[in-house]
Amino acid sequence: MKKAVIFDLDGVIVSTDGYHYKAWKAMADEEGIYFDEVINNRLRGVSRMASLEIILERATKTYTDEEKEAMATKKNDIYRESLVELTPDDILPGVMDTLTGLREKGVKLAIGSSSKNTPVILEQIGLGSYFDAVADGNQITKSKPDPEVFLLAAKLLGVDPADAAVVEDAYAGIDAAKAGGMKAVAVGDASKYEKADVAGATLADIPLDDILA
Ligand code: B16
Ligand code: MG
């Protein structure tokens, strides 16, 4: 039985992908770069600068590092403005039952997110001090599918990676969990991914025992 569960944030605890999409779209439109929801799907779980590089695959000119920084900052400013709309009502189906059920069983709980905005998002949804550990984009250098963020979360919890399960909505996140030697539980988009050990449309569809087995 697993001793800890590490939750991805965006797409697992709360859905901010619509906000990410609108902010990237505003930036891309201003630069005249084609961007759509199919390309946006490739940004799931991927860091801000790696996301920008994916968007720039469709650009017709090359950008300097300074210009790229400015574009990422512009996107993040737009995104941050939309985060003030987030409330505890935006927590996804099944999440609170899963968190409280796991906690009652004595399982340690952590966040493992690529997002540098993790602290503000957790505050907005009322979970600012809920988790035993938070590993996020501010503490890591390698984006998912590298396992760095999940290995850091396990370390902060004081558990062996083999004793942890990861809940993810991104293919890159499932790859990261497996690369870190952890059990991979998939929801949302990643639930179609054959590399996941357990899958469901939302956390409401996955029994606690299936996460912990
Ligand atoms: P930020 P997760 C990820 O969060 C998002 O899925 C991804 O779309 C975003 O680019 C990334 O965070 C970085 O976010 O710009 O806020 O640092 O799914 O790993 O919780
Ligand atoms: Mg995610």
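Count residues from 1 along the sequence. Indexing begins at 1, ligand by ligand and atom by atom, following the structure's order. The model shown is predicted, which means the values in this text are computed figures rather than measured ones.
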Nearest protein heavy atom to [atom], by residue and atom, and its distance?
{"atom": "atom 20 (O) of ligand 1", "answer": "Ser113 OG, 2.7 Å"}
{"atom": "atom 5 (C) of ligand 1", "answer": "Asp10 OD2, 3.4 Å"}
{"atom": "atom 15 (O) of ligand 1", "answer": "Arg48 NE, 2.7 Å"}
{"atom": "atom 18 (O) of ligand 1", "answer": "Asp8 OD1, 2.9 Å"}

Under the 6.0 Å and 45° cation-pi test, does Arg103 pair with Tyr130?
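Checked: cation-pi criterion met.
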Could you work out, for [atom], the closest of [options] by heavy-atom distance?
{"atom": "atom 10 (O) of ligand 1", "options": "Val149, Val46, Leu43", "result": "Val46"}
{"atom": "atom 13 (C) of ligand 1", "options": "Ala50, Ser15, Ala72, Ser115", "result": "Ser115"}
{"atom": "atom 6 (O) of ligand 1", "options": "Gly11, Ser51, Gly45", "result": "Gly45"}

Short N/O distance, under 3.5 Å, between [X] and ligand 1?
{"X": "Lys144", "answer": "yes"}
{"X": "Asn76", "answer": "no"}
{"X": "Lys116", "answer": "yes"}
{"X": "Leu9", "answer": "yes"}
{"X": "Arg44", "answer": "no"}

With the side chain counted from C-beta on, respond yes when [X] and [Y] share a heavy-atom pair under 4.5 Å apart, and no when they do not.
{"X": "Val187", "Y": "Val12", "answer": "yes"}
{"X": "Val167", "Y": "Ile6", "answer": "no"}
{"X": "Glu85", "Y": "Tyr19", "answer": "yes"}
{"X": "Leu127", "Y": "Ile91", "answer": "yes"}

Using atom types as modelled and distance alone, determine if a side-chain donor or acceptor of Glu148 lies under 3.5 Å from a backbone N or O of Lys142.
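Looks like yes, one N/O pair under 3.5 Å.
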Minimum-distance pair of heavy atoms, taken over all atoms of Ile55 and Met27:
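So the minimum-distance heavy-atom pair works out to CG2-CE, 4.5 Å.
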Between the side chains of Asp209 and Lys105, is the shortest nitrogen-to-carboxylate-oxygen separation below 4.0 Å, so that they form an ion pair?
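Counted as a salt bridge, because a side-chain N and a carboxylate O are separated by less than 4.0 Å.
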Gap between atom OG of Ser129 and atom CD of Glu123 - 0.5 Å precision
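Taking CD in Glu123 and OG in Ser129, the distance rounds to 7.0 Å.
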Parallel, tilted or perpendicular for Phe7 and Phe131, by the 30°/60° rule?
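Aromatic pair Phe7/Phe131 classed tilted.
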Can you give each donor-acceptor pair under 3.5 Å made by side-chain atoms of residues 32-39, sequence neighbours left out, with the distance rounded to 0.1 Å?
unit_1, atom_1, unit_2, atom_2, d
Tyr34, OH, Asp36, OD2, 2.7
Asp36, OD1, Val38, N, 3.1
Asp36, OD1, Ile39, N, 2.9

I need the atoms of ligand 1 closer than 4.0 Å to a non-hydrogen atom of Asn117, numbered in the order shown.
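Counting atoms of ligand 1 from 1, those under 4.0 Å from Asn117 are 1 (P), 16 (O).
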Around the Mg ion (ligand 2), how many protein N, O or S atoms are there at under 2.8 Å?
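Count of protein N, O, S atoms less than 2.8 Å from the Mg ion (ligand 2): 3.
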For atom NZ of Lys68, is the number of surrounding heavy atoms from other residues, nucleotides or ligands below 6.0 Å larger than 12?
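Check passes, neighbour count above 12.
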